[in-house]
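In what follows, a structure is listed as structure tokens, so that the remarks can point back to it.
Every chain is numbered from 1 and lettered A, B, ... according to where its sequence line falls, protein lines coming before strand lines.
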Protein chains: 2
Amino acid sequence: MNLKELSKNLGLSQTTVSRALNGYPEVSPATRQRVEAAAKTFNYRPSTRAKGLATGQALAIGHVIPMSSKHEMVNPIFGDFIAGAGETYFRHGYEMILSIVDDGDEKQIYEGLKARRAVDGVIVHGPRMNDPRIGLLNDLGLPFAVHGRASGYGHPYAWLDVNNRSAFERATDFLFDLGHTRIALINGLEEMDFAHRRREGYASSLAAHDIAVDASLMRSGEMTEVYGYECTREMLEKGNAPTAILCSSLISALGVRRAIEEKGLVMGKDVSVVTHDDALSYLQNGGDVPIFTATRSSVRDAGRKLAEMLLASIADPLSPPKQELLEAELMVGSSTGPAPRKD
Amino acid sequence: MNLKELSKNLGLSQTTVSRALNGYPEVSPATRQRVEAAAKTFNYRPSTRAKGLATGQALAIGHVIPMSSKHEMVNPIFGDFIAGAGETYFRHGYEMILSIVDDGDEKQIYEGLKARRAVDGVIVHGPRMNDPRIGLLNDLGLPFAVHGRASGYGHPYAWLDVNNRSAFERATDFLFDLGHTRIALINGLEEMDFAHRRREGYASSLAAHDIAVDASLMRSGEMTEVYGYECTREMLEKGNAPTAILCSSLISALGVRRAIEEKGLVMGKDVSVVTHDDALSYLQNGGDVPIFTATRSSVRDAGRKLAEMLLASIADPLSPPKQELLEAELMVGSSTGPAPRKD
DNA sequence: TCATCTTTCCAAAGCGCTTTGGATTTGACT
DNA sequence: AGTCAAATCCAAAGCGCTTTGGAAAGATGA
């Protein structure tokens, strides 16, 4: 059923039917009701493509997910973020279109999306330090919003980020308060902006407590369970092992715990662990009492909010880009405790 | 830059330019080259919407992800599956449209996608027993392919599935071979088709070994780490605890291991564990030697293949629906060993 | 040289919608 | 009854592409 058929069926012009359906005032209430009823019974919905052509809008937002072909790793937070954003799009009648793209092809993809007028805007995932995508999108004039930030880009742009720096500073402070001084950091890949900021927060706390940064206590890599395990095992085997570990992801925290327990140590007693927790739906940090002490911030919520921000900026293109910094909450669980006393 | 401008620029008609770009034969090689060069320099790409309107194709595939609003759980395999499918779409010039939908709204969403002619076909995720979506999509006449199967639907339809039954039967057999007889099953939600099939495979092996199914050794729920942990803890605390556990997901297997080790037992010695492993990129089953003995099947690969299947069926609408059953491979890791001798 | 194919290109219609600019009807008010 | 504005509705243009049905030009064979 298309507009023409529907209007013929109603004995009205396409104009009137279109206006009735889109809430324009030039239609009598009676007619509008009649039209709406007919639309419902015939299950009429305007063709996305025709509507888009006529209005010049795509009513779609693009999500371009970078994937380094090297490790083929899909970011585990991706699903929950998308779920949050999807909620927002659904409410606003937008569609979400997804491109999973090899690192190298990204430029081409953004240009394609723009040239083909396939989307009204895009969300940028996984920003890196000095990420070239921000500049590219600005040049293209394609509205966008970034999940995270990209240090090193001079001009303002729309983003939403967790305050990674303060979260990790606070977490490190917390460990100091418990008496720990040898605190390790198992972080995400250095080139990722969030990892950079977390390290800064960590280093800042160390500095405030007059403890020098010890390179042997800092790791960075892709945050898998195995990675957490291996880093921890190595650190615990060497002399002068850390008494506390800061970890960038709950998944690798599971590996950290495994390494600790494998060595016959007790987490929260012999070794304390604090992790960041994205509150993923399939990876909850325990039940009532959190297993891990964690800096927590829901990535799904971030998805909802960032989508909202992008849609708002599309609706009002002249407004300056917005930013939003979410504070992670520190949840104390059973993975932390006072530093063991020296023998 | 649009077609009109481009063709004016070249001194050709829109027809000729369109034909040159779309590989029609009625264009001289010289002209074609000239057109292609111009398209490249002006970065011309036909508008998706206009092209779609003209051709009647959407060049897009819909993925409708169900999410029960009750637990708000996003399936963790989703990201990797999408990544695989996305690869295929990219190769074929298709777009992927994602809708994350509350269980109840699904019908409405499919009808909307169809009525608005927004997609050429859809992938059905997470089929349940007697899943009503299959019938609905058949009635709508919207091409589709299912990731998994939906027992109870009479007519043929396109699907791709892992042979869950044989995988779990084989895994159970394997445990019997090691001397285990008290084998527990920690499974996904019973209403999910895959969980049903896995239980069948498990039960079939028990029957073949003249062991009665013991309801106290079977659990089903959402496959989180915590769920694996709690099920295992309960089972190990009761008398007559299982000596082996079959688990439906690597994530909950991590919880299983935690419960085992917390009790001071050794996995692979006191309690053997076999899990299904979807080969998720962010959750690898150890390095060279798998940690868990597992029935393994790459869900990303499934995404690639199923997308290919759907595109083929769209290209050739009259062909009968295809099916593909993937066999999981049994990878022996260090989580299994001979059954402990009775004291 | 002429008729007949090929080759190469084009004008215009059409895809399904929105929207502009008018036309018609209705109603209120002198 | 006559006037004017408000309320309703409509025909047609246009969004950017593909595709149909020719037309013009060039090549071929008699």
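Heavy atoms of Thr15(B) sit under 4.0 angstrom from at least one base atom. In this structure, Ser18(A) reaches the bases: a heavy-atom distance under 4.0 Å links it to at least one base atom across the strands shown. Counting any heavy atom pair closer than 4.0 Å across all strands shown, Arg49(B) reaches no nucleic acid atom.
Close to dC10(C), at under 4.0 Å from its OP1 or OP2, lies a side-chain N or O of Thr16(B). The side chain of Thr55(B) contributes no N or O atom lying less than 4.0 Å from OP1 or OP2 of dC17(D). In this structure, Ser13(A) reaches the dC10(D) phosphate: one of its side-chain N or O atoms is under 4.0 Å from OP1 or OP2. One finds a side-chain N or O of Thr31(A) lying less than 4.0 angstrom from the OP1 or OP2 phosphate oxygen of dC9(D). An OP1 or OP2 oxygen of dC9(D) is reached within less than 4.0 angstrom by no side-chain nitrogen or oxygen of Tyr24(A). Between Asn2(B) and dC15(D), a side-chain N or O to OP1/OP2 separation shorter than 4.0 Å is absent.
In the set dC17(D), dC17(C), dT8(D), the nucleotide with an atom closest to the side chain of Gln14(A) is dC17(C). For Ala54(B), the side-chain atoms get nearest to dC17(D) when compared with the rest of dC17(D), dC9(C), dT18(C). Taking the side chain of Leu3(B) as heavy atoms from C-beta on, and the options dT19(D), dT18(D), dG16(C), the nearest nucleotide is dT18(D). Side chain of Lys51(B), nearest nucleotide from dC17(D), dC15(C), dT8(C): dC17(D). The side chain of Glu26(A) lies closest to dT8(D), out of dT19(D), dC10(D), dT8(D). Distances from the side chain of Asn22(A) to the nucleotides dC17(D), dT18(C), dC10(C) place dT18(C) closest. Minimum atom distance to the side chain of Tyr44(B) is reached by dC17(D), of the listed dC17(D), dC15(D), dC9(C).
No hydrogens or angles considered: nothing links the side chains of Tyr282(A) and Asp80(A) as a donor-acceptor pair under 3.5 Å. Side chains of Tyr44(A) and Asn2(A): no donor on one and acceptor on the other come within 3.5 Å. Side-chain contact, Thr16(B) with Ser13(B): a donor N or O sits under 3.5 Å from an acceptor N or O.
Whole-Å rounding puts the Arg19(A) CZ to dA7(D) P distance at 14 Å. The NZ-C1' distance, from Lys4(B) to dG14(D), rounds to 9 Å in whole Å. Between Gln57(A) atom CD and dG16(C) atom C1' the separation is 17 Å, expressed in whole Å. Distance Lys8(B) NZ to dC10(C) P: 14 Å, rounded to the nearest Å.
Side-chain atoms of Ile61(B) and Val119(B), non-hydrogen and from C-beta on, never get closer than 4.5 Å to each other.
Nearest-nucleotide assignment on DNA chain C puts the 5′-proximal partner with Gly11(B), out of Gly11(B) and Arg117(B).
A salt bridge does not link Glu308(B) with Lys322(B): every distance from a Lys NZ or Arg NE/NH1/NH2 to an Asp or Glu carboxylate oxygen is 4.0 Å or more.
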